[in-house]
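Okay, so here's the structure we're looking at.
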Amino acid sequence: MYRITLLPGDGIGPDITKATKTVLAATGVPIEWEEHIAGEVAIPEYGTPLPEPVLESIRRNKIALKGPLTTPVGGGFRSINVALRKEFDLYANVRPARTYKGIVSRYDNIDLVMIRENTEDLYAGVEHMVGEDAAESIKIITRKGSERICRFAFEYAVKNNRRKVTAVHKANIMKCTDGLFLSVAREVARDYPQIEFEDKIVDNMCMQLVQKPELYDVMVAPNLYGDIVSDLCAGLVGGLGVVPGANIGDNLAIFEPVHGSAPKYAGQDIANPTALLLSAVMMLRYLGETEAADKVENALAAVIREGKTVTPDLGGRAKGSEMASAIVDKMLKM
Ligand code: NAI
């Protein structure tokens with residue numbers, strides 16, 4: 001029996017979580033969910049968006065599936081997502097983006113994975129005002145942080161039969177910080193002669209991805225570029241509703257969709273559960289439940305391909321819960 005912390009989160013989170021639980025229950029993988037509230041919904045009860053029982057539960061179970069959490073822009077509390085990644089030192093953010101037949105996008109053969117460093121860079125949040133009219137933010141890149149993320153990217157490439165790793169940087173301008181990241185990436189690459197290695201300056205990378213995405217495979221980047229370029233990749237395959245993510249540390253992992261809480265769709269059961277479901281598929285693979293993971297992914301792909309029981313963002317009229325039932329039906333027939 002796997003005991004897994006479940007955080008449905010804010011906005012559309014509870015709807016897509018329910019749909020995902022329905023599908024996972026049908027895999028037969030024995031999971032005991034330990035459900036907790038976090039995010040805006042936790043504030044009235046606990047006075048904080050990240051209550052201690054959530055942290056305790058994740059610490060104990062070492063694995064969590066998480067819906068989106070609302071973060072106010074500008075002022076207000078700091079991002080809980082960033083806080084969780086820091087608390088558990090989840091240094092690798094894995095963001096695959098692949099095309100599924102039936103989802104309208106500009107390309108039909110994309111299979112990219114961004115491995116984003118998750119704990120340092122400008123995301124460390126070391127910033128302050130300098131008087132009233134200037135502000136300063138400090139970009140932190142370390143050898144240790146760069147080494148472990150680059151090694152993670154190459155190990156990922158080896159384990160998943162990938163052919164190439166591209167390091168994304170701006171070392172031509174940020175010679176110290178990105179320069180360090182790039183030189184560590186080159187060093188690590190020498191330990192993996194079977195994997196092709198190249199590097200790209202981030203602006204060129206964006207253009208190349210839009211023009212020739214099929215040339216790329218696994219990418220590895222410092223935090224901020226990884227964040228931005230992975231959303232670009234999401235755009236290449238049909239948008240935020242369909243891309244999953246995982247935050248992985250040395251012995252703890254949190255799986256979550258890339259999208260946010262889309263408050264305007266909250267409580268209407270019309271949000272697309274695909275991104276959370278694919279995050280759960282990544283979780284099953286992490287647990288070694290490959291057969292169940294394949295089954296869910298294939299059933300989901302078939303439902304999307306047929307296009308009859310899909311949510312409005314995919315051009316259908318189904319509720320999220322109806323899409324989940326259609327996926328379960330497909331699984332039963334496989
Ligand atoms: P968002 O991802 O919540 O929504 C942007 C648009 O994408 C939505 O208006 C909707 O049209 C579409 N969308 C997203 N997910 C969808 C789904 N599952 N099904 C159908 N359509 C979907 O981004 P936004 O509006 O910038 O952020 C809303 C809140 O979410 C903010 O408080 C933000 O901080 C938070 N957020 C949380 C994240 C997390 O918990 N990992 C990640 C990104 C944003």
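Here the structure is a predicted model, which means the values were calculated and not measured. In each ligand, atom 1 is the first atom listed, and ligand 1 is the first ligand listed.
Ion pairing of Arg317 with Glu322 is absent here, as no side-chain N (NZ or NE/NH1/NH2) approaches a carboxylate O to less than 4.0 Å. Here Lys21 pairs with Glu35 in a salt bridge; the nearest charged N to carboxylate O distance falls below 4.0 Å. A salt bridge is absent between Glu120 and Lys86; no separation between the charged side-chain nitrogens and carboxylate oxygens falls under 4.0 Å. With salt bridges taken as basic N to acidic carboxylate O contacts below 4.0 Å, none links Lys18 and Asp269. Arg285 and Glu297 are joined by a salt bridge, as a carboxylate oxygen and a charged side-chain nitrogen come within less than 4.0 angstrom of each other. Salt-bridge formation is not detected for the pair Asp121/Arg116: no Lys NZ or Arg NE/NH1/NH2 atom is positioned less than 4.0 Å from an Asp or Glu carboxylate oxygen.
Of the heavy atoms in Asp313, only side-chain atoms (C-beta onward) come closer than 4.0 Å to ligand 1. Under 4.0 Å from ligand 1, the heavy atoms of Ile12 that appear belong solely to its side chain. Contacts between Asn272 and ligand 1, counted as non-hydrogen atom pairs separated by less than 4.0 Å, involve both the backbone and the side chain.
Ligand 1 places these atoms under 4.0 Å from at least one heavy atom of Leu240: 2 (O). The Tyr265 neighbourhood of ligand 1 comprises atoms 10 (C), 11 (O), 21 (N), with distances under 4.0 Å to a heavy atom of that residue. Applying the 4.0 Å criterion to heavy atoms of Ala271 picks out, from ligand 1, the atoms 19 (N). For ligand 1 and Thr70, the ligand atoms under 4.0 Å from any heavy atom of the residue are 32 (O).
The N/O atoms of Leu69, backbone and side chain alike, include one that comes under 3.5 Å of an N/O atom in ligand 1. Polar contact with ligand 1: absent for Pro68 (N/O pair, distance under 3.5 Å). Considering backbone and side-chain atoms alike, Ala262 places an N or O below 3.5 Å from some N or O of ligand 1.
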Throw together a table of side-chain donor-acceptor distances under 3.5 angstrom for residues 146-157, partners on residues two or more places apart or in other chains.
{"unit_1": "Ser146", "atom_1": "OG", "unit_2": "Thr142", "atom_2": "O", "d": "2.8"}
{"unit_1": "Glu147", "atom_1": "OE2", "unit_2": "Arg151", "atom_2": "NE", "d": "2.8"}
{"unit_1": "Glu147", "atom_1": "OE2", "unit_2": "Arg151", "atom_2": "NH2", "d": "3.1"}
{"unit_1": "Arg148", "atom_1": "NH1", "unit_2": "Asp89", "atom_2": "OD2", "d": "2.9"}
{"unit_1": "Arg148", "atom_1": "NH2", "unit_2": "Asp89", "atom_2": "OD1", "d": "2.9"}
{"unit_1": "Arg151", "atom_1": "NH1", "unit_2": "Asp191", "atom_2": "OD2", "d": "3.3"}
{"unit_1": "Arg151", "atom_1": "NH2", "unit_2": "Asp191", "atom_2": "OD2", "d": "3.0"}
{"unit_1": "Glu155", "atom_1": "OE2", "unit_2": "Tyr192", "atom_2": "OH", "d": "2.5"}

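Closest heavy-atom approach to atom 9 (O) of ligand 1 among the candidates Lys264, Glu256, Lys66: Lys264. The residue among Ala19, Ser261, Gly241, Gly39 with a heavy atom at the shortest distance from atom 29 (C) of ligand 1 is Ser261.
At least one heavy atom of Val258 sits under 4.0 Å from some atom of ligand 1.
Residue pairs meeting the side-chain hydrogen bond (donor to acceptor under 3.5 Å, both in side chains) criterion with at least one partner in residues 104-115, sequence neighbours excluded, are Asp111-Arg162.
Results of the side-chain hydrogen bond (donor to acceptor under 3.5 Å, both in side chains) test with Lys66 over Thr17, Thr5, Asn81 single out Asn81 as the only residue that passes.
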